[in-house]
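The sequence lines fix the lettering, A, B, ..., with proteins before strands; numbering per chain opens at 1.
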2 protein chains.
Amino acid sequence: MYYEAMPVARSLPLTRRPLTDQQSALLAPVFAALSDPVRLRLFDLVHRAGSTGVCSCDLTGPLERSQPTISHHLKVLREAGLVQARREGTWLWYSVVEESLSRAQAFIQR
Amino acid sequence: MYYEAMPVARSLPLTRRPLTDQQSALLAPVFAALSDPVRLRLFDLVHRAGSTGVCSCDLTGPLERSQPTISHHLKVLREAGLVQARREGTWLWYSVVEESLSRAQAFIQR
DNA sequence: GTTGTATATTGACAGTTGTCAAAGTATGCA
DNA sequence: TGCATACTTTGACAACTGTCAATATACAAC
């Protein structure tokens, strides 16, 4: 089984009009996914692992949260399109979806 | 009376270590402030107004929310350090705190 | 199949959030 | 002083969120 990144807004940065209702509704979940300290640290750890990714078994330890809680946060990050996971045997390897980052970045810098 | 931007983390981007507990606790509220569609649009409107700022009376109209709700969201943005307000007679003029943006940006791009 | 390890889901609970109506505070002007 | 305008605060409510224990599912090895 394969856990993919969910689809998210693509056409944001080019407009010079005020943010529309739809645009903000697509972008907000990305920031919402980064709005929790545990998820920020998770995302940071995944990001550090680069394209190789990181085994989620290595993510449960350092954050002092239960395994279900970490699993829940990883799901939030996945559904926001920020990370993706691929299975390798028993393990899941998480990596960052660079594209999603550039969308958030496009909003922030202008 | 003067509504200022609240103090927020300053020393984030330079480290190459994993995000600490404290760092993530300081950064998360910034993303949390951007995690609501109405606030995203508010912030966008303020940002567009540049250094002149925008009168908050002009922010209540376009977003289809009650005036107290808009006031609440502006407070959240202020407390996250993303915007600041200065009073001019009866009006409040809102403008973006650029520095706060660069901190969020520093996290996103690396 | 059984057993063991890795991860996800469910259910529950306290705490937080977005929203509005109503009431309060601040400023300017007559 | 009184009134009008701009904004904030309070109180209430439904919806959502972070957390864990318990349970379930997926895969590998035997």
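Side-chain polar atoms of B:Tyr94 and B:Arg78 form a donor-acceptor pair below 3.5 angstrom.
A sub-4.0 Å separation between OP1 or OP2 of D:dT19 and a side-chain N or O of A:His72 is absent. Applying the 4.0 Å criterion to OP1 and OP2 of D:dG18, one finds that A:Arg39 has a side-chain N or O inside that range. Between C:dC20 and B:Thr69, a contact under 4.0 Å exists linking OP1 or OP2 to a side-chain N or O. For B:Arg78, no side-chain nitrogen or oxygen approaches OP1 or OP2 of D:dC7 to under 4.0 Å. Under 4.0 angstrom from either OP1 or OP2 of D:dC20 there lies at least one side-chain N or O belonging to A:Ser66.
Following rounding to the nearest Å, B:Leu92 (CG) and D:dT9 (P) show an atom-to-atom distance of 11 Å. The distance from atom CG of A:Leu77 to atom P of D:dG18 is 10 Å, rounded to the nearest whole Å. For the pair B:Leu40 CG and C:dT17 P, the computed distance is 16 Å after rounding to whole Å. One interatomic measurement links the two molecules: NZ of A:Lys75 to P of D:dT19, which rounds to 16 Å at whole-angstrom precision. Spacing between atom CG of B:Asp58 and atom C1' of D:dT5 amounts to 14 Å, rounded to whole angstrom units. A:Leu63 has its CG atom 14 Å from the P atom of D:dG18, to the nearest Å. Regarding A:Arg41, its CZ atom lies at a distance of 16 Å from the P atom of D:dG18, rounded to whole Å. For the pair B:Asp36 CG and D:dC16 P, the interatomic distance rounds to 13 Å; values are reported in whole Å.
The base of C:dA6 is not paired with the side chain of A:Gln67 by any donor and acceptor separated by under 3.5 Å.
Closest-nucleotide positions on DNA chain C for A:Ser71 and B:Val38 were compared, and the one nearer the 5' end corresponds to A:Ser71. Comparing B:Ser56 and A:Val76 by the nucleotide of DNA chain D whose heavy atom lies nearest to each, the residue mapping closer to the 5' end is B:Ser56. When each of A:Glu88 and B:Ile70 is assigned the nucleotide of DNA chain D bearing its nearest heavy atom, the one mapping closer to the 5' terminus is B:Ile70.
At the heavy-atom level, B:His73 lies under 4.0 Å from the strands shown only through sugar-phosphate atoms.
By the rule that hydrophobic residues join a cluster once side-chain heavy atoms approach within less than 4.5 Å of another member, A:Trp91 and A:Leu45 end up as members of separate clusters. A continuous path of ILVMFWY side-chain contacts below 4.5 Å connects B:Ile108 to A:Phe43, so both sit in one hydrophobic cluster.
Note that CG of A:Leu34 and OG of B:Ser24 are 11.5 Å apart. Values are rounded to the nearest 0.5 Å.
Set against D:dC7, D:dC27, C:dA8, the side chain of A:Thr90 has D:dC27 as its closest nucleotide. Picking from D:dT19, C:dT9, D:dT9 the nucleotide with the shortest atom distance to the side chain of B:Pro68 gives D:dT9.
Ring orientation note: the planes of B:Phe31 and A:Phe31 are close to parallel, at an angle under 30° on the 30°/60° scale.
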